[in-house]
Amino acid sequence: MFRLARGTARKLILALLTCLSSALLYRQIQPLPPKIPGTPGGPPVTATRTRLSDGRYLAYLETGVPREKAKHRLVFVHGFDSCRHDALPISTELAQELGVYMLSFDRPGYAESDPHPARTEESIALDIAELADNLQLGRKFYLAGFSMGGEIMWSCLKYIPHRLSGVAILGPVGNYWWPGLPSNVSRDAWYQQLPRDQWAVWVAHHLPWLTYWWNTQKLFPASSVIAYNPALLSQEDEMLMAKFGYRAYMPQIRQQGEHECLHRDMMVGFGKWSWSPLQLENPFADADADDGQGAGKVHLWHGAEDLIVPVSLSRYISQKLPWVVYHELPKSGHLFPIAEGMADIIVKSLLLGDDHLSSSASQPPHSP
C-alpha cells in the first residue's frame, strides 16, 4: 500500500511539474495583446483614418498636390519597421510639375492602423484596393513599395492588377521558398544573410507560432534587422542611416507591440505562399494607361550593395519576367530610395518612362 501510494505521488508530482512547465512555456511563446490605438489602454489616435469593410481602421497621410487636382495618384507602401511618414520623399517641385498626389498609410499593426491577426499576402492587396476606394482615387492608380512593402507589390500584381496604372518595386524582400525558385538561386541568397537572420527567417517560415518567442528570448541571437545591426549597412547606407534611423516618430511605429507589426510581417513575408512572382503575367500587356502615356510598366529597383535584402533574387526574377523593367544601382545599398534626388528619379521613371530621366542624375538607372 505504501509503495503504491509513493508511486502514485511520484506520478502526480511529475504530472504537475509537466503541466507547470507547459503552462510556463505556453505563456512565453504567446505574444502580448496589441495596444490598439483609440481603445482603453492603447495609444491615442492622432492620424487621419478610414474604416474598412471588416471594421478595421487604416491611418493614412496625403502629400503632394490636392487629390482632386492630381494628374497622377500614387499609393506608397512602407517597409519593415516603418510607417506612413516613410513615404517616398519626392520634391515639392516635382509633385507640382507632374501633378502628383501621394497616399501613404500605416500597414496593419503599425503605428495607428488596427492589427489584422488573419493577415496574408492577399489581404494586404485587398486592403490597398479598399483604401483607394474609400479615398476615391479612381478606377486605377500607381503603386510603389519599398523593402517588405516592395514584396507586397507582387501580391498587388496578382490580386488587384486591374486597379494598377504602373508599379515601382523598390529593394523588395524575397521569400526563399517561393514555388519555382531554383534551389541554387535560393541557397545563394540565403547564405548572404547573417547566420542569426537565417535562423530568424527559418523560424518565421517553418515554426511561425514561435516567431514572437524567438525574437524576444535571450538564449539565442534574434533578428539583426529588428536590432538595427550596423553590420547590415553598406557604405552608402551608413551615410543615409542618420536620416532613416533617427526619425522623430520612431516610437510610434512599434507602439502596438512588436508582434502585430514586425513579427507578423516576417510570418507573412517568409510564410508558405501557394504562388510565386515567377508565375505572374504582364498585367499591362493589353491595356493602355489612363494618362495617355502608353502601356503601364512594372519597374524593379535594387541596390547592388544591399546587405539587408540580397539583390540576387531581384536579378533572377527580372530575368524570368521580361516585362519587368530592371534598374540596378551599382553603388547603392538598401536605403537608396531616400538618397538625395532618387525619389524624383523613381517617380519620373514610373509616371513618364525612362526616356524622361535626366542624364545628369547622380545614379541613373542601370540595367545590367
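Residues: numbered from 1 along the sequence shown. Keep in mind it's a predicted model, so treat the numbers as computed, not measured.
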Using residues 117-125 as the side-chain source, report each donor-acceptor pair under 3.5 Å to any protein atom, sequence neighbours left out, with the distance given to one decimal.
{"residue": "R119", "atom": "NH1", "partner": "D265", "partner atom": "OD1", "Å": "2.9"}
{"residue": "R119", "atom": "NH2", "partner": "E260", "partner atom": "O", "Å": "3.2"}
{"residue": "T120", "atom": "OG1", "partner": "E122", "partner atom": "N", "Å": "3.2"}
{"residue": "T120", "atom": "OG1", "partner": "S123", "partner atom": "N", "Å": "3.0"}
{"residue": "E121", "atom": "OE2", "partner": "W275", "partner atom": "NE1", "Å": "3.3"}
{"residue": "S123", "atom": "OG", "partner": "T120", "partner atom": "N", "Å": "2.9"}
{"residue": "S123", "atom": "OG", "partner": "T120", "partner atom": "O", "Å": "3.1"}

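Ring-centre distance between F146 and H334: below the 6.0 Å cut-off. Checked against the 6.0 Å centroid criterion, the rings of F220 and W214 qualify as a close aromatic pair. The ring of Y249 has its center closer than 6.0 angstrom to the ring center of H85.
Below 30°, between 30° and 60°, or above 60°: for H78 and Y110 the angle between ring planes is above 60°, a perpendicular geometry. Ring geometry, W190 versus W177: the interplanar angle exceeds 60°, so the pair is classed perpendicular (tilted spans 30 to 60°).
Geometric assessment of R247 against the ring of F244 yields a positive cation-pi assignment under the 6.0 Å and 45° thresholds.
The backbone N or O of R139 sits less than 3.5 Å from a side-chain atom of R163, completing a donor-acceptor pair. Of the possible polar contacts, one joining the D86 side chain to the C83 backbone as a donor-acceptor pair under 3.5 Å is found.
Legend: residues meeting side chain to side chain contact (heavy atoms under 4.5 Å, CB included) with L207, ordered by chain and number and at least two apart, are W202, V203, W209, L210.
Classification of K331 and E236 as a salt-bridged pair fails, no side-chain N sitting under 4.0 Å from a carboxylate O. Remark: R49 does not engage E112 in a salt bridge, criterion side-chain N to carboxylate O under 4.0 Å.
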